[in-house]
Amino acid sequence: RLLDQSLTSITFGKQTVESTHTLVPTKEQWAYSYRSIDVGNKVIGGPYSATYNATYTVVKTAKGWVVDSVDAKAVGAVK
């Protein structure tokens, strides 16, 4: 099965600036469904919604700020 998901809303919390990186907390709402791998990708589950509390670690590189890692924890059940 395939996962078809989209971010429906995001709220940013207070950033924590460290010497080598910045932590950016978020609360995210996602909509998702499961699809068949067969031609046409028929929906086989959902749509569902999920909420996550996530913390993004961003670092500055020569090309600008980039996400180095994400620590996300589901709020409630994810199907």
*Should Asn53 and Val75 be marked as a side-chain contact (heavy atoms from CB on, under 4.5 Å) after you check the CA-CA gap, both sets of side-chain angles, and the distance that decides it?*
CA-CA 7 Å; Asn53 289 326; Val75 177; 3.4 Å; yes
*Decide yes or no on side chain to side chain donor-acceptor pair (under 3.5 Å) for Glu18 and Thr20, but give the supporting numbers first.*
CA-CA 6 Å; Glu18 305 284 339; Thr20 60; over 6 Å; no
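At least one donor-acceptor pair closer than 3.5 Å links the side chain of Ser36 to the backbone N or O of Asp38. In this structure, the side chain of Tyr32 engages the main chain of Lys79 through a donor-acceptor pair within 3.5 Å. A donor-acceptor pair is defined here as one N or O able to donate and one able to accept, closer than 3.5 Å; no such pair exists between the side chain of Asp71 and the backbone of Thr55.
Side chains of Val58 and Val24 form a contact here, defined as non-hydrogen atoms less than 4.5 Å apart. With a 4.5 Å cut-off on side-chain heavy atoms, Tyr34 and Tyr48 count as touching.
Atom-to-atom distance recorded for Asp68:CG and His21:NE2 is 9.0 Å, nearest 0.5 angstrom. Summarising the geometry, atom OG1 belonging to Thr57 is positioned 5.0 Å from atom CG belonging to Leu23; distances are rounded to the nearest 0.5 Å. Rounding to the nearest 0.5 Å places OH of Tyr56 at 15.0 Å from OG1 of Thr22.
Taking Ile, Leu, Val, Met, Phe, Trp and Tyr as members and joining any whose side-chain heavy atoms lie under 4.5 Å apart, directly or through other members, Val43 forms no hydrophobic cluster with any other residue.
Residue Pro47 comes nearest to Ser33 through the heavy atom pair CA-CB, 4.1 Å, listed as atom of the first residue, atom of the second, then distance. Shortest non-hydrogen contact noted between Ala72 and Tyr52 is CB-CD2, 4.3 Å.
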Which atom pairs, donor and acceptor, lie under 3.5 Å between side-chain atoms of residues 2-16 and protein residues at least two apart or in another chain?
residue : atom : partner : partner atom : Å
Asp4    : OD2  : Arg35   : NE           : 3.0
Thr8    : OG1  : Gln29   : O            : 3.0

